[in-house]
Amino acid sequence: MLDLRLIREQPQRVKSALVALNTDAPIDEILALDTRRRALLTEVEALKAERNEGSKLVNRTKDAAARQPLIDNLRGLGDQIAHLDQQAKAADTRLAELLLTVPNLPAPEVPVGPDESHNVVVAEEGTKPSFAFAPKPHWELAEALGIIEFERATKVSGARFYALVGDGARLQRALIAWMLDLHRERHGYTEIAPPYLVTEQSLFGTGQLPKFRDTQFQTTAGDHWLIPTAEVPLTNLYRDEILDAAQLPIYHTAYTACFRREQFSGGRDVRGIKRSYQFDKVEMVKFVHPDESATEFRRLIEEASDILRLLGLPFRLLQICTGDLSFTAANKVDLEVWAAGAEEWLEVSSCATFLDFQARRANIRFRPADVGRPQFVHTLNGSGLALPRTVIALLEHYQLEDGTIAVPEVLRAYLGGQETIGVQPPLGPPRPPSA
RNA sequence: GGAGAGGUGGCCGAGCGGCUUAAGGCAGCUGUCUUGAAAACAGCCGAGGCGACGAGUCUCCGUGGGUUCAAAUCCCACCCUCUCCGCCA
């Protein structure tokens, strides 16, 4: 949420930002409502002051006969106040609704561009592997090894689901444990195991609602929603709180499953595990002092990059342009890993700084050391990393000629020292004993 | 899900129609004292809106309605927490 004061005082700046974002928001309606609301408030508050004075006078007037006309007079005032209050509240409610639909403004350093074709590759690390054989895409490798089960998972849950099997499941679990340990030990994060079901209010807090209702899963019993990312429960952990300046920065990392209903991706990436309604992810979230958020943003990108460096996977950083910026982000850099089999770059992390946009929605503040008013914190988050695509890149990068997979050094301890992933025993009911 | 108790400022906790400008305490800040600190003492110390982040004024005691000239206080609904019971991984 933007500061209403900013919209009021610099409407042109906001409008031109919307042009750069290639989107629209009802700025003029907001300005009109704001003017109307303030006029109503001035009026009704004067009446309330009058009523408060009158009520005090009633209380001081002990004589019943003198008292009654005062009360009669105030009763009329009360009706006027109720009427104006109602109007002011209606304006206020509508204004708050509209304000929630205005996206964050892009940071000045974000390149202007209409869509994702104008994103900029700003760095590339690592070397793409060269194979002495024809490398395979992960779905072929996985099928041959028996580490991913597609058909049975579809039977269980429908399209866009899969199940990891045997060493496939263990590999993902190893990655999760290793990533969490890395963030905790090397990057100073506190690990959280948050709820996967959240209230609607939490989704408003981080900005998924009201705009992206269609891409969320909502429960039919009760009013819970499945989280699309751990960002939601982690950020809302401090909703409506005033933190001490000394508590900042706060770093949290969490592993969760994530649930996303991508309405318009039907038919895209149907093979493999690149896209599904449920996937696992390790997330990093930061709550920082506004003065530190630029530094923390760079650090966040480094922390996500560390994962890929240590796994030995080639990757690149993509600076997102204005037209491709998400609703809540002021700046965003994606990490893309090289999938050596399918030969494509896969987004495995999205690192974003929201400045005070989310904090304002979720009302997360801190008390500055120099005894001022509470201020909004800055929030940042990034994937560290999304599991399915990391698994894809790993399988394709470390595939050997015989179709088995070499386990990267850093993960071996998490797999009981195992150095390769080979063919798994077949799934299915036990064979009947041969007669 | 059932029964009971309760939700008050950063924290604890009183108040149960107008004397509340929400007592008192803790934490915090400032000052006195001290080489410094601690202790003691004195003062300050919730959030938000409107307004020029002035004067002033309004709102906020879980949330939303209602009664009243006037609501933290009375009424209704809901949410949450705790205790016990039921169910359950």
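So you know, we letter chains A, B, ... as the sequences are listed, proteins then strands, and number each from 1. For clarity, every value in this text was computed on a predicted model and none was experimentally measured.
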Exercise. Under a 4.0 Å N-O cut-off, is there an ion pair linking Glu302(A) with Arg309(A)?
Worked result: yes
For this session: Rounded to whole angstrom, note down the P distance from rG46(B) over to rG9(B).
Result: 13 Å
Seminar exercise, completed: From CG of Asp240(A) across to C1' of rG10(B) the rounded distance in Å is 14 Å
For this session: Compute whether any side-chain donor of one residue and acceptor of the other, for Ser350(A) and Asp334(A), lie under 3.5 angstrom apart.
Result: yes
Problem set entry | Salt bridge flag under 4.0 Å for residues Asp85(A) and Lys89(A) | no
Exercise. Using purine N1 to pyrimidine N3 plus N6-O4 or O6-N4 for Watson-Crick, or N1-O2 and O6-N3 for G-U wobble, each under 3.5 Å, what pairs with rC44(B)?
Worked result: rG28(B)
Exercise. Atom CG of Leu84(A) to atom C1' of rC50(B): distance rounded to whole Å?
Worked result: 15 Å
Exercise. Nearest nucleotide by nearest heavy atom, which residue falls closer to the 5' end of RNA chain B, Val44(A) or Leu4(A)?
Worked result: Leu4(A)
Exercise. Does Arg75(A) have a side-chain nitrogen or oxygen under 4.0 Å from the phosphate oxygens OP1 or OP2 of rC69(B)?
Worked result: yes
Seminar exercise, completed: Taking rA47(B), rG64(B), rC69(B) as options, the one with an atom nearest any side-chain atom of Lys89(A) is rG64(B)
Problem set entry | Closest-nucleotide 5' rank along RNA chain B - winner of Lys48(A) and Arg365(A) | Arg365(A)
Seminar exercise, completed: Pairing partner of rA77(B), by Watson-Crick or G-U wobble and under 3.5 Å for both distances, is rU63(B)
For this session: Could you verify whether a donor N or O on one side chain and an acceptor N or O on the other, from Gln201(A) and Thr199(A), lie under 3.5 Å apart?
Result: no
For this session: Report the C-alpha separation of Arg38(A) and Asp34(A) in whole Å, then their side-chain angles, then the decisive distance to 0.1 Å, and conclude whether the salt bridge (charged side-chain N to carboxylate O under 4.0 Å, His left out) test is met.
Result: CA-CA 6 Å; Arg38(A) 286 189 292 156; Asp34(A) 177 47; 3.5 Å; yes
Exercise. How far does the P atom of rA3(B) sit from the matching atom of rG10(B), given to the nearest Å?
Worked result: 34 Å
Problem set entry | Nucleotide paired to rU20(B) in any strand shown, Watson-Crick or G-U, under 3.5 Å | none
Exercise. Ile71(A) has an atom CD1; how far is it from atom C1' of rG17(B), in whole Å?
Worked result: 13 Å
Exercise. How far, in whole Å, is rU68(B) from rA14(B) if one measures between their C1' atoms?
Worked result: 26 Å
For this session: Scan Arg8(A) against the nucleic acid and name what it touches under 4.0 Å (heavy atoms): base, sugar-phosphate only, or nothing.
Result: sugar-phosphate
Problem set entry | Out of rA70(B), rA47(B), rU59(B), whichever nucleotide has its closest atom nearest the side chain of Asn52(A) | rU59(B)
Problem set entry | Lys286(A)/Glu303(A) salt bridge by N-O under 4.0 Å criterion | yes
For this session: Measure the shortest side-chain to side-chain distance between Ile71(A) and Leu74(A) over non-hydrogen atoms and say whether it is less than 4.5 angstrom.
Result: no
Problem set entry | Whole-Å gap separating C1' (rG10(B)) and CG (Asn363(A)) | 14 Å
Exercise. Given rA47(B), rC69(B), rU57(B), which nucleotide is nearest the side-chain atoms of Glu45(A)?
Worked result: rU57(B)
Problem set entry | Near-strand residues of residues 28-43 of chain A, defined as heavy-atom separation under 4.0 angstrom from RNA chain B | Arg37(A), Arg38(A), Leu41(A), Thr42(A)
Exercise. Atom CG of Leu57(A) and atom C1' of rC19(B): how far apart are they, to the nearest Å?
Worked result: 16 Å
Exercise. How far does the C1' atom of rU8(B) sit from the matching atom of rC16(B), given to the nearest Å?
Worked result: 12 Å
Exercise. Taking CZ from Phe366(A) and C1' from rG28(B), how many angstroms apart are they, rounded to a whole number?
Worked result: 16 Å
Exercise. With respect to the side chain of Arg5(A), which nucleotide from rC58(B), rG18(B), rC53(B) is positioned closest?
Worked result: rC53(B)
Exercise. Would one find a side-chain N or O of Arg51(A) under 4.0 angstrom from OP1 or OP2 of rU68(B)?
Worked result: no
For this session: Name the orientation class of the two ring planes belonging to Phe212(A) and Phe327(A) (parallel below 30°, tilted from 30 to 60°, perpendicular beyond 60°).
Result: perpendicular
Problem set entry | Separation of rA70(B) P from Gln68(A) CD (nearest whole Å) | 13 Å
Problem set entry | Distance-only side-chain donor-acceptor flag, Thr253(A) / His183(A), under 3.5 Å | no
Exercise. When you compare rC53(B) with rC26(B), how far apart are their P atoms, in angstrom units rounded to a whole number?
Worked result: 36 Å
Seminar exercise, completed: Against the side chain of Arg367(A), the closest entry in rG18(B), rG46(B), rG48(B) is rG46(B)
For this session: When you get a sec, tell me which of rG46(B), rC69(B), rC58(B) is the closest nucleotide to the side chain of Arg67(A)?
Result: rC69(B)
Problem set entry | Same-atom distance (C1') from rG51(B) to rU57(B), integer angstrom | 9 Å
Problem set entry | Watson-Crick or G-U wobble partner of rG86(B), both distances under 3.5 Å | none
For this session: Would you mind pulling out the nucleotide paired to rA52(B), Watson-Crick or G-U wobble, both distances under 3.5 Å?
Result: none
For this session: Over all heavy atoms of both residues, which pair between Leu380(A) and Glu296(A) is shortest? Give the atoms and the distance, please.
Result: CD2-C, 3.9 Å
Problem set entry | C1' gap between rU67(B) and rG48(B), integer Å | 27 Å
Problem set entry | C1' atoms of rG25(B) and rG13(B), separation to the nearest Å | 8 Å
